[in-house]
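Step one of this worksheet: look at the structure below.
By convention in this document, chain letters (A, B, ...) are assigned in the order of the sequence lines, proteins followed by strands, and residues within each chain are numbered from 1.
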There are 2 protein chains.
Amino acid sequence: MSLSPLPSLPARADAHELATQLARAILSGHWATGAPFPRELDLCEHFGASRNLVRNALARLTTAGLIERSAGRGSWVCDIGEWHLLDPQMSEWLTGLDTPHPQLIREIHAFRLSAEPHVAALAAQSADAEDLSRLERAYRGMCDTAADSARYREHGEHDAIFHAAIYRASHNLVWRQMGHLLRPSILALIAQSHQQATTLDDSLERHWRVMEAIRLRQPDEARRAAAYILERTAADLGLSMRHITEHPLTSPKGTGA
Amino acid sequence: MSLSPLPSLPARADAHELATQLARAILSGHWATGAPFPRELDLCEHFGASRNLVRNALARLTTAGLIERSAGRGSWVCDIGEWHLLDPQMSEWLTGLDTPHPQLIREIHAFRLSAEPHVAALAAQSADAEDLSRLERAYRGMCDTAADSARYREHGEHDAIFHAAIYRASHNLVWRQMGHLLRPSILALIAQSHQQATTLDDSLERHWRVMEAIRLRQPDEARRAAAYILERTAADLGLSMRHITEHPLTSPKGTGA
DNA sequence: CAATTCCAAATGTCTGACATTTTAGTGTTG
DNA sequence: CAACACTAAAATGTCAGACATTTGGAATTG
C-alpha cells in the first residue's frame with residue numbers, strides 16, 4: 001500500500017484542476033492525518049503533468065493548510081484542525097464533494113448557530129439599499145426554484161447567496177469574508193435532504209422574516225428570525241439542537257461519522 | 001509613474017520572503033485599488049530573481065486575494081473587500097507592518113467586539129484542562145512581561161496567544177481558525193500605544209476575570225468579562241465605542257486614513 | 001560505541017523555450 | 001463609412017532539464 005495509490009483521477013493539464021482533485025481526495029479522507037503525501041515525481045508520472053505544474057498545485061494545497069512540505073523530507077497530510085476552513089478556495093473544494101466530511105458540516109453548522117443570529121442583527125443595523133436588493137434577488141431565486149424539485153441544486157445556490165448577503169450586509173470586512181464558508185454547508189444540506197414542498201414553504205417563510213426584519217431595521221427580530229431558520233436547518237441535517245447549543249463539542253474526540 | 005516604481009526593497013532569493021515584501025507593500029497602500037501590478041519580467045529584473053521564483057511569490061498573493069491575474073491581460077491589485085483577512089498568512093503579513101492599514105485594524109476590532117464575548121461564553125461551556133492550561137501560560141506570560149516596559153512586544157505576543165486560546169477553547173474548528181486573525185490587531189494596539197503601568201494592571205485584571213469565568217463554567221460572566229476587555233482595548237485604540245457598536249460602517253465609503 | 005563523513009532522497013531554484021489568452025491595431029470588404 | 005477577419009504584440013501559463021539545498025540515514029573511522 002504505502003501511499004494509498006492515488007484514486008485514479010482523470011489526467012488534465014491545469015494546475016487549478018489538479019489542485020482541486022487532490023484537495024477533494026484529501027477532504028474525502030483518502031489519506032489519514034499525518035500520512036505521507038505522494039512525491040512530486042510520482043504525481044508527475046501519474047497525471048502526466050510537468051513538475052512545474054504539479055508544484056503549482058501542491059503550493060495551493062499548502063497555503064490551504066491541507067498538506068505540509070519540507071525540503072528533503074517530503075510532504076504530509078495535515079490534521080483537520082490545521083485546515084484553513086475560512087479560505088474561499090476551500091469552500092470551492094468542499095462544495096460538490098460527493099461525500100462531504102461529516103465533521104466539517106457539523107462544525108460549520110455549529111458555528112453558524114452561534115454566529116449567524118448576531119450577524120443578522122448587525123445587518124439589520126447597517127444594511128443599505130444595495131444589500132436589500134441582493135437579499136431580494138436571492139429570495140426571489142429561491143421562490144422561483146422551489147416549485148420544481150429538479151432544480152434543487154439551483155435552489156441551494158440562491159439559498160447560499162441569501163445567507164452570504166446577510167453577512168455582507170453587516171458591513172464588516174471580516175464577517176463578509178465569512179460568508180464564503182456557508183456555501184458548502186448549505187449545498188450539502190440541500191443535496192442530502194431533498195426537501196418536500198411543505199418543508200420548502202416553511203423554509204421560505206422563515207427566510208422572508210429575516211429579510212423583512214433587516215429591512216425594517218429591527219435587530220432583535222432579525223436575530224430571532226435567523227435562529228429560527230437555523231432550527232429548521234438543524235432538523236433537516238438531522239442534528240440534535242440541544243447537543244449543539246449547550247455543548248458545542250463536549251464529546252471527547254472525533255465523535256465519528 | 002505608470003507602475004509606482006516598486007519601493008526599493010532588499011533583493012533576496014526566497015519566494016516566501018519576496019511574497020512577504022510584496023504583500024506588505026500592498027497592505028501599506030503602495031498601490032491603489034485596481035491599479036496594475038508590475039509584470040513578472042519587471043519583478044524578475046528588479047529583484048534579481050528568476051521568473052519561477054517570482055511566479056511562486058505571485059501565486060501566494062493571488063491565493064490571499066491581494067492581486068488578481070489573467071493570462072494575456074496582466075495583474076491588478078484587488079479591492080480591500082476581496083482580501084482574505086482570515087488567511088493565516090495574511091495575519092503574518094499584517095503583523096510587524098510599520099504602518100498597519102487603519103481601516104483593517106478598525107474592522108478587525110469591530111468584529112471582535114461583536115464576536116469575542118460570545119466566543120468567551122462558548123469557551124466557558126467547552127473548555128477542558130488543556131485549554132485552561134494554555135490560558136494560564138499566556139496569562140502568566142503577560143504578567144511576567146508587564147513590569148518591564150521594554151518587553152512590550154513580548155507582552156503583545158502573550159496577549160495574542162491568550163485571546164487565541166479563548167477562540168480555541170470554544171472547541172469549534174471555525175472559531176479556532178479565527179484566532180489567527182487577532183494577532184495583527186493586538187500587536188498593532190500594543191505597538192502604537194505604549195501602555196502605562198496602571199493601564200496594564202487594569203488590563204491584566206480584566207483578562208484574569210475572563211479566565212476565571214471560563215474555569216468556573218460561567219458563560220454569562222465570561223461574556224461580560226470579554227466585553228469588558230474590549231472596552232479597554234477600544235479606548236486604547238482611540239476608537240469611539242458608540243460609533244462601532246451602533247453602526248459598524250455606516251459611513252459611505254472608504255472613510256480615508 | 002561515538003563521532004564524523006558521505007550519500008541518497010526529496011523539495012527548492014534557475015534557465016530557456018514554447019503554448020495560450022487577450023487586446024489592439026490594421027487592413028479588407030460590403 | 002461601418003463591420004468583419006486577420007495579424008501581431010504583450011502578458012501569463014506550461015514544459016523540459018539541470019543544478020542547489022536540506023534532511024536523514026548509512027557507512028566509515030577513531
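Applying the side chain to side chain contact (heavy atoms under 4.5 Å, CB included) test to B:D148 and every residue at least two apart in sequence or in another chain returns B:A150, B:R151. Partners of A:R137 by salt bridge (Lys or Arg N to Asp or Glu O under 4.0 Å), not counting sequence neighbours: none found. Shown here are the side-chain hydrogen bond (donor to acceptor under 3.5 Å, both in side chains) partners of B:T145, two or more places apart in sequence or in another chain: B:H155. Shown here are the side chain to side chain contact (heavy atoms under 4.5 Å, CB included) partners of A:D128, two or more places apart in sequence or in another chain: A:E130, A:D131, A:H171. Annotation: salt bridge (Lys or Arg N to Asp or Glu O under 4.0 Å) contacts of A:E45 (sequence neighbours excluded): none. With sequence neighbours excluded, no residue forms a salt bridge (Lys or Arg N to Asp or Glu O under 4.0 Å) with B:E92. For the salt bridge (Lys or Arg N to Asp or Glu O under 4.0 Å) test, no residue two or more places apart in sequence or in another chain qualifies with B:R140.
Sorted by first and then second residue, the pairs that involve residues 52-78 of chain B and meet salt bridge (charged side-chain N to carboxylate O under 4.0 Å, His left out), not counting sequence neighbours, are B:E40-B:R55, B:E40-B:R69. Applying the salt bridge (charged side-chain N to carboxylate O under 4.0 Å, His left out) definition to pairs two or more places apart or across chains, those involving residues 168-177 of chain A are A:R176-B:E82.
Close approach of DNA chain C to chain A, defined as any atom under 4.0 Å from a non-hydrogen atom of the protein, starts and stops at C:dA10 to C:dT13.
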Expected string for nucleotides 13-18 of chain D under the B/S/- scheme (protein heavy atoms, under 4.0 Å, primed atoms plus P, OP1, OP2 as sugar-phosphate) is BBBB-B
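You'll find the side chain of A:E107 stays beyond 4.5 Å of the side chain of A:L85, heavy atoms only.
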Contact list (N/O, under 3.5 angstrom) for nucleotides 5-10 of chain D vs protein:
none

